[in-house]
There are 2 protein chains.
Amino acid sequence: MKLSEGVEWGLHCVAILAMLPPGATLPTKALAEYHDLSETYLAKHLQALTNARIIESLPGPKGGYRLQRAPEDITMLEVVEAIDGREPSFRCTEIRQRGPLALEPAAYGVPCPIHIAMARADKAWHEALRAQTIADLLSQSQPHAGAQQLRKSEQWIAGRMRRT
Amino acid sequence: MKLSEGVEWGLHCVAILAMLPPGATLPTKALAEYHDLSETYLAKHLQALTNARIIESLPGPKGGYRLQRAPEDITMLEVVEAIDGREPSFRCTEIRQRGPLALEPAAYGVPCPIHIAMARADKAWHEALRAQTIADLLSQSQPHAGAQQLRKSEQWIAGRMRRT
DNA sequence: GGATGAATACTCGGATATTTATTGTCCGAGTCATCCTGG
DNA sequence: CCAGGATGACTCGGACAATAAATATCCGAGTATTCATCC
């Protein structure tokens, strides 16, 4: 059970976009350069985030991406699901209904205990990510990176962002 | 993030083996027939469960598999990890240390907030599965399947198991 | 000099190859039971 | 009739293909800017 590599990229990029002034945008090229990522592959993931209504794109020169909502209103779960998909990790294929001892389907009204337990674990995972917003990430990263590093990042971003 | 199909197979098979009398074994062929699974592919997963010290194998005619511990001492997490692997779902590749704004590695003593949050979600998922044992699964499936169905299963198994 | 028009450069969006992991299969090593032979 | 040995059949174990998914890339559609031209 491994998560797509793009999830890490997406989370970091959304965090960067959250640092922009309201309305300003940043193109794919800048986002890719910031962390030295493949520009074309990152574009694919940004597209997924756009479809999920997390970020929005402005075409043309001076175009780029920006958040569609406030960082406080975007959960990590949304970003993860936008890129990795919304399917549960465990898909019960009901193998108990197969084989020589199978009953008629009506006899299996309740999901099997294995399915229930796996769904409970999945729910715990989802809740943990739903409880964490992008704004939380920013407030937590601030103490880690020094104030000078933060200034440096903001300057770098300011040199490439486009104001409305 | 999807879980291997074999996880479902493994959990069901371990549950079946837990129904056997102490010491008795059941060969791969019977386990595969019970749920109409690919015998050869199931063998691969049973092998993984053997390496994880969850089940043990007896070779030769009258051989087969049996649990290596009591059902109360086998957690769902163990079975899942034996088949799907023990790697965490999210692998932080530290992309924050890449790109034009990267600092010297010593400056990144603390994991990034994204890594922390994902690890916390992973932990919640693991704990949920660690709290559920194979014995719990059996006690929960009993009320679902009727008593007659249970008897039917036990008879089917009794006809194919090997006593020591 | 100002306004209008076309050309241009840059953006995102979806369709297309390549690599990796998962799924699925096969054959060989080892072991116990059975059968045959000899006493 | 009993004991011993060789044979045979069945088991698991690891190495080997086929398929699906994730990874990575390319080219086309659209838009705001820019420049040249005309009024």
Side-chain angles (χ1 to χ4, degrees), chain A residues 1-10 13 17 24-33 36-66 68 80 82-85 87 89-91 93 95 160-164, chain B residues 1-10 13 17 24-33 36-66 68 80 82-85 87 89-91 93 95 160-164:
Chain A
M1 183 182 66
K2 81 183 198 325
L3 221 42
S4 169
E5 184 98 12
V7 169
E8 186 181 8
W9 298 15
C13 286
L17 291 177
T25 65
L26 208 58
T28 304
K29 184 182 177 69
L31 285 170
E33 280 182 6
D36 190 24
L37 306 175
S38 161
E39 180 182 340
T40 55
Y41 190 27
L42 177 61
K44 188 185 189 70
H45 295 310
L46 294 177
Q47 190 176 341
L49 290 172
T50 304
N51 292 336
R53 314 280 183 180
I54 294 170
I55 64 179
E56 62 184 354
S57 65
L58 275 70
K62 303 257 177 177
Y65 287 102
R66 66 184 173 196
Q68 199 161 358
V80 171
I83 294 174
D84 197 65
E87 294 178 4
S89 66
F90 181 84
R91 299 160 298 166
T93 60
I95 62 174
R160 325 217 168 200
M161 77 180 180
R162 289 86 186 270
R163 298 185 176 279
T164 50
Chain B
M1 183 183 67
K2 82 183 197 327
L3 221 43
S4 168
E5 184 98 13
V7 168
E8 185 181 8
W9 298 15
C13 286
L17 291 177
T25 66
L26 208 58
T28 304
K29 183 182 176 70
L31 286 170
E33 279 182 7
D36 190 24
L37 306 175
S38 161
E39 181 180 340
T40 55
Y41 190 27
L42 177 62
K44 190 186 188 71
H45 296 309
L46 294 177
Q47 189 175 342
L49 291 172
T50 305
N51 293 334
R53 315 280 183 178
I54 294 170
I55 64 179
E56 63 183 352
S57 65
L58 275 68
K62 305 255 178 177
Y65 288 101
R66 66 183 171 197
Q68 200 162 0
V80 171
I83 294 174
D84 196 67
E87 294 178 6
S89 67
F90 181 84
R91 298 161 299 165
T93 60
I95 61 174
R160 323 217 168 201
M161 76 181 180
R162 287 85 186 270
R163 300 185 174 278
T164 50

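Every chain is numbered from 1, with letters handed out A, B, ... down the list of sequences.
Contact annotation for B:Gly6: no contact, since no heavy-atom pair falls under 4.0 Å across all strands.
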Restricting both atoms to N or O, compile the protein contacts to nucleotides 4-10 of chain D shorter than 3.5 Å, with distance only.
none

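DNA chain C is contacted by B:Ser38, B:Thr40, B:Tyr41, B:Lys44 of residues 38-47 of chain B, taking any non-hydrogen atom closer than 4.0 Å.
The phosphate of C:dG13 has OP1 or OP2 within less than 4.0 Å of a side-chain N or O from A:Ser57. For D:dT23, one of the phosphate oxygens OP1 or OP2 lies less than 4.0 angstrom from a side-chain nitrogen or oxygen of A:Ser4.
The two residues B:Pro27 and B:Arg160 make their nearest non-hydrogen contact at CD-O, 3.8 Å. Of all heavy-atom pairs between B:Glu5 and A:Arg91, the closest is OE1-NH2, 4.0 Å. Heavy atoms only, all atoms of each residue included: B:Met161 and B:Arg163 are closest at CE-NH2, 3.1 Å. The minimum heavy-atom distance between B:Cys13 and B:Leu46, with the atom names listed, is CB-CD2, 4.4 Å.
Comparing D:dG13, D:dG14, C:dG24 by their nearest atom to the side chain of B:Tyr65 picks out D:dG13.
Just one residue in the list A:Leu49, A:Leu58, A:Thr50, A:Thr25 forms a side-chain contact (heavy atoms from CB on, under 4.5 Å) with A:Tyr65, and that residue is A:Thr50.
Taking atom CD1 of residue B:Ile95 and atom P of nucleotide D:dT23, one finds them 13 Å apart after rounding to whole Å. Separating the CD atom of B:Glu8 from the C1' atom of C:dT22 is a distance of 16 Å, rounded to the nearest angstrom. Distance, B:Leu31 CG to D:dC12 C1': 13 Å, rounded to whole Å. Remark: C1' of D:dT19 and CD of B:Glu5 are 14 Å apart, rounded to the nearest angstrom. If you take CG of B:Leu3 and P of C:dT22, they are 11 Å apart, rounded to a whole angstrom. Distance NZ (A:Lys29) to P (C:dA9): 16 Å, rounded to an integer number of Å. Separating the CD1 atom of B:Ile55 from the P atom of D:dT11 is a distance of 15 Å, rounded to the nearest angstrom. In this entry the distance linking CZ of A:Arg91 with C1' of C:dT23 reads 12 Å, nearest Å.
Considering only heavy atoms from C-beta on, B:Glu39 stays 4.5 Å or farther from B:Glu33 through its side chain. Side-chain contact between A:Lys2 and B:Glu87 is absent, with no heavy atoms from C-beta onward closer than 4.5 Å.
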Residue pair B:Ile83, B:Leu3: steps toward the side chain to side chain contact (heavy atoms under 4.5 Å, CB included) verdict: CA-CA 10 Å; B:Ile83 294 174; B:Leu3 221 43; over 6 Å; no

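Contacts of A:Lys62 classified as salt bridge (charged side-chain N to carboxylate O under 4.0 Å, His left out), with partners at least two apart in sequence or in another chain: none.
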